[in-house]
Amino acid sequence: MAAATGSTVELSLKVRLSKQAEAKLAERAAASGQRVGEYASHILEHAAASRSIDEILAPFRRQVAESGMSDEELEQLFEQLRDQVWRERQGSAQ
């Protein structure tokens with residue numbers, strides 16, 4: 001059952017958790033200074049707002065497709081960038 005209040009909705013859920021998961025949830029809620037229900041609500045809110053990896057990568061995939069770059073060319077670009085970063089880190093570590 002859900003009840004709307006302003007910009008939030010109150011939703012009653014019944015969930016099954018292992019005893020270990022319940023203990024960890026209670027521990028984390030206490031560490032954050034929240035009641036278990038508040039903490040669980042925060043976790044659910046965050047999960048609902050999170051974007052999928054496909055959503056995150058969509059602009060990049062579109063740019064690659066529009067560039068006409070082949071898989072081999074893209075792989076070579078990533079290897080060059082990886083090598084460049086490695087060299088820069090080696091230089092700053094000394």
Side-chain angles (χ1 to χ4, degrees):
M1 177 192 275
T5 57
S7 64
T8 64
V9 174
E10 186 174 315
L11 178 65
S12 296
L13 297 174
K14 188 174 190 176
V15 296
R16 293 178 193 258
L17 298 174
S18 67
K19 290 185 182 203
Q20 296 86 355
E22 189 276 333
K24 192 58 129 176
L25 185 65
E27 178 185 311
R28 290 183 179 172
S32 70
Q34 297 177 317
R35 295 186 313 234
V36 172
E38 292 171 322
Y39 186 73
S41 178
H42 171 76
I43 291 171
L44 290 170
E45 189 78 31
H46 179 73
S50 296
R51 297 186 305 162
S52 71
I53 192 72
D54 285 335
E55 292 170 318
I56 293 167
L57 290 176
F60 173 74
R61 289 176 175 154
R62 187 172 42 256
Q63 286 177 329
V64 169
E66 291 171 358
S67 76
M69 191 178 274
S70 70
D71 288 346
E72 293 79 21
E73 291 170 321
L74 184 59
E75 185 176 337
Q76 184 178 20
L77 174 64
F78 279 130
E79 287 178 10
Q80 289 171 350
L81 292 171
R82 182 195 64 212
D83 292 345
Q84 178 182 348
V85 169
W86 183 85
R87 284 190 303 275
E88 289 172 1
R89 287 185 178 172
Q90 293 302 310
S92 66
Q94 296 174 2

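Note that the structure is predicted; figures quoted are calculated from it, not measured.
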Next item on the list: Looking only at non-hydrogen atoms, find the nearest pair between A26 and V36 and report the distance.
Entry: CA-CG2, 3.9 Å

Check: Can you name the nearest heavy-atom pair linking E73 to G68, along with the distance?
Finding: OE1-O, 4.2 Å

Check: Do side-chain atoms of S50 reach the backbone of H46 as a donor and acceptor pair under 3.5 angstrom?
Finding: yes

Note to self: Within this structure, what is the CG-NZ distance for the pair L17 and K24, rounded to the nearest 0.5 Å?
What the structure shows: 14.0 Å

Item checked: Distance, nearest 0.5 Å, that separates CG of L25 from CD1 of I43 -> 5.5 Å

Item checked: Carboxylate-amine/guanidinium proximity below 4.0 Å for R82 and E79 -> no

Check: residues 57-67 side-chain donor-acceptor pairs under 3.5 Å, at least two apart:
from	atom 1	to	atom 2	distance (Å)
R61	NH1	D54	OD1	2.9
S67	OG	V64	O	2.7
S67	OG	M69	N	3.1

Checklist line | Separation of R87 CZ from D83 CG (nearest 0.5 Å) | finding: 5.5 Å

Note to self: Counting C-beta onward and ignoring hydrogens, is there a side-chain heavy-atom pair between L44 and L11 closer than 4.5 Å?
What the structure shows: no

Checklist line | Set of side-chain hydrogen bond (donor to acceptor under 3.5 Å, both in side chains) partners for E38, sequence neighbours left out | finding: none

Check: W86 pairs by side-chain contact (heavy atoms from CB on, under 4.5 Å) with which of R89, E88, Q90?
Finding: Q90

